[in-house]
Structure formats: C-alpha cells, structure tokens
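Here is the structure we will look at.
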Amino acid sequence: MRSCKISRFILLLMLLYLSPASASDSLQAKNVLLLFSLEPGLPAYDLIYANLRATLDKQTNEPINYYIEYLDCSRFPNEEYQRQLFSLYSKKYSAKKLDVCVAVSQGIESMLEKYGKGLFAGVPTIFIEFPSLPGQAPPYFRKPHTTGILMGLDLKKNLETALSLYPGAANVYIVTGASPTDQFFLAMAKNAFGPYEDTFKISYLQGMPMDELLQTVGNLSKDSLIIYMSYLRDAVGRVYYPAHALKLISDKANVPVFGMSDTYIGYGIVGGYMLSFERVGIEAGKMVLRVLRGEPPETLPVVREGMNLFMFDWRQLKRWKISENRWPAKSEIRFYTPTFWQANRLYILGILLLCVIESLLIAGLLFQRRQKRIAMRELQESEARMRMAASAAELALWVWDIHKDEIWLTPKGRTMFGFSDSEPINSMRFLEVMADEDRKSIRQFLKFALESGREYEIEHRIVMQSGDSQWIMTRGQADVDENKRPLRMRGVSADISKRKKAEEETARLRDEISRLSRINMLNELSGALAHELNQPLAAILSTAQAGIRFLNSGTANSELLSSIFQNIVEDDKRAAEVITSLRSMVKKEKSEKKPVHLNDILNDVLKIYSSEAAALNLKIETDLAESLPLCIGDKVHLRQVVLNLIMNATDVMSLALPENKKMILRTKVAEHGVQVSVWDFGLGISDINKNQIFEPFFTTKTTGLGIGLALCKTIIKEHGGRIWAENNPDGGATFTFELPVMKND
Amino acid sequence: MTEPDIVFVIDDDLSVRRSLIYLLQSADYNAEPFESAEKFLERQHFPGTGCIILDVRMSGMSGFDLQEELSRADYHLPIIFITGHGDIPMGVDAIKKGAVDFLTKPFDDDQLLGVVRRAIELDRRTRAKYDALQAIRLRLATLTPREYEIFRFVITGLLNKQIAAELNIAEQTVKIHRGRVMEKLGAYSVPDLVRMAEKAGISPPDLKTA
C-alpha cells in the first residue's frame, strides 16, 4: 500500500521533469483563449495581452497555455467568413478544454452568440468592451458564465485637460477615419463634445483622405488643438494602423495633438486623460486568475473604474512649451530624457563636496597658525593694556594672598583707599578703612566669595583720614586650589561717589516731584475739600448757637444739651478727619514701606474724593475683594497713585452723559499679586496713545503736565509691581496696578 | 383747622440738617428734615403757611431742580437756599426765580432765623391775597352766563340804557340782571364791582359804539 503511493509520487515527478510539455497539456495546464475582434498588430491588443500575461505570471506558478485568435472582422465584415471562421475554431479547439475565454472589443459578443455556441458553450468568458453608445443595447455581461470589463473613455475630461494645458485654444479638431470602428469613436466623440460646441468651435475631420488631412492639420490657426481618436481607414479605402496614421498627422500638425489612449503615446500626441490598455490588461489578468481559481464569472463584478489616467509625452510637452505647473498632479510622464545635471547630479555634488572639504581643511590649518601667532603677541600686549586701562578708568586692582595675608594694590588703589605708598597692607588694615555701618556686610560678602568661589559685587563706603566718606564699588573673586580651598582673591574697585551722589539727588528730586504732584492734585480738589470741611463747621456753628438759644430761653434740659454737645463733637471729629486725610497726602516724610491693605488705601482716597465726586454727579462704585492679603508699600505714595487714576477717570468722563458718569474701583487677588483697578466709562484710549500714556510729559489734557501717570509708573515699579491700561470691551478704559503679596518670613 | 407753620429743611448732609433742626426748634418753629429733594416730593401736600430751607448741591435732584419742579406744580412755598460755596451769579439767578434769600454756609443764627421769619411772613401775605381772590372767584362762579355778560358791561361804567343798546335787549332786563349781580357778588356800588373785577383779572368787553 505504502510502496504503491511512493511509486506513484515518483512517476508524477518524472512526468513533471522529463516531459513538461505533455504534462502541462494533459494534467494541470490551463487553457486561456484570447479573441480579438480586429486584425493582429494593433498596439492596444499587444498591451492587453502582454499585461494580462504579466499579471498572471506574477500571481501564479501554474502553467497556462495562451491561444490567440484575431477575427479581423473590420476588414472582413461578411457573415459567411465569420461563420466559417467559427466553425474552424470549433474544430481547432475541440480537443482542448478551454478554461477561460477573453473576448476583446466591440461586436464579438454577438458573433459568439451567433456562431460560437458549440464551441464556447459553458466556457467562462470575459468580455472587454467600450461602453455602448447611448441608444444602443448595453453589453450583456450578466449571462451565465460571463463577466466583463468596460473600458470607459472619459473624453470630456480629456478635452478639458487638453484645454488647460493649451489654454489659448478656441478651435478643436477631432480626427477620425472612415471604418466602422472609427465611426464608433466618432459617435462617442460627438456625444461627449456636444456640450462644448457653445464655447468652442469643434470640427470633425472625419474619414478625410490622408493627403488632404495632412494638408489641413499643417495649416491650422495657432488657437487650435487636435484630438486624435482613431484612423483605421480613410474614405477612399486605404487602410492604416491608427498609431502610424497618428505619427503622420502629428509630424505634420502645427498645433498640439491630444489622444485618447496610451497606445498613442510615443506617436506624437502630447497626452491627455487617457484610457490605459496596460491597466485594462492588468484588470483582465486579475479576473482571469479568479476564474481559473474557480470563482463563477457571473459573481465577479464588472470592472468599470481605474483604467483612465493622466499620461504625457515629455518630448511633446517640451515641443509645445507647456510649462510644468500646468501638468495635472499625479501625471505619468513618458519618454523623460534627463539633462546631464539631472542624470549625474549625485556625482557632480560629490566631487564639489570633496573640493570644498579640502579647501576648508587647508584654510583651517592656515587660520590656526595665524591665530597662534596673534595670541602670543596679544598676551604680551594684554598685560600692558590692562594696567593702562585700569589707570585710565580710575580703577584700583588688588590681589589678596590669603595664606600670607598680604594685599597687593596698584598705586591708584592706594590713593583711592587712602593708604600711603609703601605701607604693608593686610586684611585687618583693609577692613579698617571701611565705614563702620558697612563692615559687617563686607565680611559676609567675603565669606560668601571664599566659600563659593563665585564672583561678588558690593557697594560700600570708606572713611578717609580727613573724615570724609567715599562710595566704592568692589568686584572680586577667589581662586581656589584643587581641594576647593581659597588661595587668593583678586578684585577691582572703583570710586562711585559721584554716581551715588547723583542717584541720591535723583531720588530726592523724584520724591519732590511726587510731592508736588500730590499738592497739585489736592489743589485741583481744593473746592471739594473746602466744602467737605465747611459742612461740619457750619453744622457746629448752628448747633452751638441753637444750644445757646435753648439756654437763654430756659427751655434747655440736660438730655437736649447732651445730644447737642454729642453732635458738636461728632461734627468736629469729622472736620478733623478731613484735615488728617489731607495731611496724609502732603506729608513730606521719608518714603517708608510698611504692610498695607490696599482696600484701606482705596477707602482713604474715597474719603478725600467723595465730595468732589458728589459735586460732579459722578457715581463711584466699589467692588473690593473681601479677604485681601497684605502688600508692602508706602501709603502716601499708593494713595497718590489711586487718587491720580481716579482723577484721570473723572477727567475722561467730564463730557459723558450723566448716566455714564460712573467708575468702578476693584481690588482682587491675581496670580502674581493683588490688583487694584479703576474702570471708567469714558471714550477709552486710542491706539496711538496706548504706548505713550505712561511716558513723562505725555498728556491729552489741555491743562495737564503729563507727569501723573509717569509718576504712578515710577511709584508702582519701585514697589516691585506693574501698571497697565486697557480698553474695556463695552467702552471706557481700565487702569490696573498690581503689587506683589507680602511674604511671611 | 389752620395748620401750624412748618419749616422744611432739605439737605443731604446729616450734620447740617441736624444743626438746622436744632436751630429752628430753639426759635420755636416746627421743622421737618428731608435728606433729599425726592423725599420732600413724596411728602403729602402741605396747605398751610411755611417755608423751605433748601441745599443747592445734593446728590440726585439739586435744589434748583426742586425749585423748578415746585413752581411747575403750583406749590408756592417760599424757598431759602443755603450752599457751601455759592457765588453771586448763582444767588442772583435763584432770587430771580423767586427764592427769598441765598445764604452761604456757615451762617449766623440771627441771619438764618431772620430770613425764615421774613419768608413765613411773605407766605402768610401771599396766602391771604390768594384766599381773598379765591373768595371772589367762588362768588363769580355763581353768576349765570347772561349775568356775567352784564357784569362785564357794568364795570365799563355804561348806563343800563347803553348796555341794553349794546346787547339789543330791553332796558328793564338789564336792570333786573344788574340787581342780581350786585346781590350775588355782595357789592354795594359799581366801584366795588370794578375792584373785584381787577382782583379776579376780568377785562371789560369791546364796545360797538366806542
């Protein structure tokens, strides 16, 4: 049993290897018959066959026998011939079991129907056809054992492609021959191009004798283009291969020729949106494979898509100077001939790169040598220059040898610190000349510098023998050994007394300006403040006089008198409060920063301002955050900022309608601190002024000096905060300042 | 039936308002305080004698606004303006519009009380005049249209015969109507009638034979 199996296997191998022909014939080989309705030699057929085969070869190792028949029924249309032909095929293939029949192009279906019954009954058949024209019977692929491929030509898109590539065209010439196939294409073209006849002059050069046709296409106006369909035969009966006819035409034509299928490419057409017989072949191959693998053909969907693509002949694009940016995306470009640069780009670049690298190497070496020479010379000069620079800049250079505790000092330095020319200086002596109040911090800095090895900079005072003090700026750094122990400290010192003096003077002036500005603001408010003071004074007078009258008339009782005095006290306190708040604005005290509650600042200012607001019929609303953290600040200065912002807001609303005369004061806690904002309902800030409003002497008022906001900015910056202005979405502007929150440490 | 005199104090400043009330009470006036003009307008109409002490500058309706409002409403209480910082043109303007005086705070008790006294006196006189006029008007209202017509001719000094000719009626008829007019108006002579007509602002008719 077992040996029998093995021997059969060996026999099979022998059959396979010794006699492949007979084996494929009898056992596994599949038989595929291709029927082409026209004569042999047509490029479309060649392309279909070649790609069908290539696709099958790629997909399967099974042996396949291909049989091809050309029916040639365009040249031999008579029925007797066709009948005979099929009866011949019938005999020819009687011994073969046909697995698939592929029938290509128009008319073949009806012939099979008529003559091929005996031969092809039950053979799975794939028809490859053009879609039928409107009004003609559709191909009947749905019969048992059949399926198909519809080679749709998109002639409209082809024409539009031609027009977009050659945009000047106003005349379109369609070239066809006179054979039935030619006429089929002509009908197809007329059907497709009909809608364009309104826009373009479309002429059909149909079946013209070749000489005449060539004459015509050679003398077309420049605003023309040609679409070549097919030319199998001319009117006088001369027969052509369409591709060859095309070559003749395109050589002669004085305008670009566009075509409808990839079989024409290389014969002088520019290209177009064309039917690809290559793709048709591939699709047919896939279909044949599925049938060979046993799928019933009627279950395979008819293929209609994916066979058209943009394809162009690079040489023709150049010939007609069609620029690359007109080519449709995803175009297939054939016959591309690269220039020398394009072909050899990598080599050329490589060689150039080598040259550059070598040049750079040489340059680098030369440069290095030069640098070395320069460095030598510079080192020598540097020391001399350093001394000169130090003395010119009035700088003192010093070095402190920590182990020996010796300080070396340039002559300039000895003068600066008040040492005599020759006396030895150590750290004790050096610290002796420092001002008492600075000595502690200098020691701390030195300690820090020695421990960290980092550079430090301090400003301190020294006391000269005369008793005068000078301001000195010193910058130093310690050198450390490999164990991070300090070896020496080097440093440079400069006399900054002049600068310090100028700074102090500037600060004093700024305080003075700030104070004057406050007085100025109060001056503006004087009317309202006088009123504010006058009210309690008037009340006190009248109340006191009423008291006297009650006493004189004998109607006074102690209860009445007590309440009269109570009221007088209240009114007097009220008057005193006005005076106190006034003084708080003009006090000339040294600026001092203490913890402040910004809500209190707002309330202080409101006390001063409320009567002015009432006089102007201005509503001031407050929206104060309930629990506000403390900030550090100078109360007088902060009140000044708030009052200034409020007075500015009042000014901008002086012309506003009564119902708009209002402002909102807000405090809130923000990410970086506490914010105080004054929101007005005026006209807002114009874009032009936006960047300038905080600049000194910038003003939009006729009477303003333009220092208010500039001062505000200075004050807020001094408090480590920031101030800004922005327009409100619904009109008016908001000025906000933000102060950092006091740190609890 | 007669209401006691009242001085209304309208000032938005509590201290001032309170002090004025004391002062007025010390001089035996009834005083009513109001913290705003609006509040005063809400008060029931006061038909008696009195005056208003009115602050010029108040939040909301100002003193001048109230003056105009009262004048429009025919509410004729004399007004004394007080102000924290008044100027002369402001004062002149207020007086022209009918204010009794214009005082600048602070003011002496005598100064204010003097003005208050004057204002109340003025109001009393105005009110008396107004009451008399009101009486005449009431009596005039009892005349029939024909009697009223005859009354207008009588005050021109025409005789009954002349009036009859003017109106194309019998002299006897004029005489009867004239008797009724005298009776209804409580007049004893033609000059009495003329005075009443003057007070009530009644003018004589145009005469055909003039």
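Every value quoted in this text rests on a predicted model; they were computed, and no experiment measured them. So you know, we letter chains A, B, ... as the sequences are listed, proteins then strands, and number each from 1.
- Near-neighbour residues of residues 117-140 of chain B relative to chain A, defined by a heavy atom under 4.5 Å from a heavy atom of that chain, are none.
- One distance of note links CZ of Arg18(B) with CD of Gln566(A); it measures 9.0 Å at 0.5 Å rounding.
- Salt-bridge check for Arg549(A) with Asp110(B): passed, with a basic side-chain N closer than 4.0 Å to an acidic carboxylate O.
- Interface remark: of the candidates Asp108(B), Leu24(B), Leu20(B), Asp108(B) forms the most heavy-atom pairs closer than 4.5 Å to chain A.
- Interface residue Leu113(B): only side-chain heavy atoms are found under 4.5 Å from chain A.
- A 4.5 Å side-chain heavy-atom check between Arg574(A) and Leu14(B) finds every atom pair outside the cut-off.
- Nearest heavy atom pair, residue Ser19(B) against residue Ala539(A), reads CB-O, 3.2 Å.
- Between Lys105(B) atom NZ and Leu541(A) atom CG the span is 12.5 Å, to the nearest 0.5 Å.
- Sparse packing is recorded around NZ of Lys635(A), with 12 or fewer heavy atoms of other residues, nucleotides or ligands lying under 6.0 Å away.
- Phe107(B) and Gln545(A) get closest at one heavy-atom pair: O-OE1, 4.0 Å.
- Around the CG atom of Leu551(A), the shell of radius 6.0 Å holds more than 12 heavy atoms that belong to other residues, nucleotides or ligands.
- Closest of all the heavy-atom pairs between Ala546(A) and Ser26(B) is O-CB, 3.6 Å.
- Note on Asn552(A), Ile564(A), Asn617(A): by heavy-atom pairs under 4.5 Å with chain B, the leading option is Ile564(A).
- Contact tally against chain A (heavy-atom pairs below 4.5 Å) for Leu112(B), Asp28(B), Ile21(B), Leu23(B): the top residue is Leu23(B).
- Side-chain contact between Ser15(B) and Asn567(A): absent, with no pair of heavy atoms (C-beta onward) separated by less than 4.5 Å.
- Within 6.0 Å of atom OH in Tyr75(B), more than 12 heavy atoms from other residues, nucleotides or ligands are found, so the atom counts as buried in its surroundings.
- Within 6.0 Å of CZ in Arg152(B) there are more than 12 heavy atoms belonging to other residues, nucleotides or ligands.
- Minimum interatomic distance between Asn534(A) and Pro106(B) (heavy atoms only, all atoms of both residues): OD1-CD, 3.4 Å.
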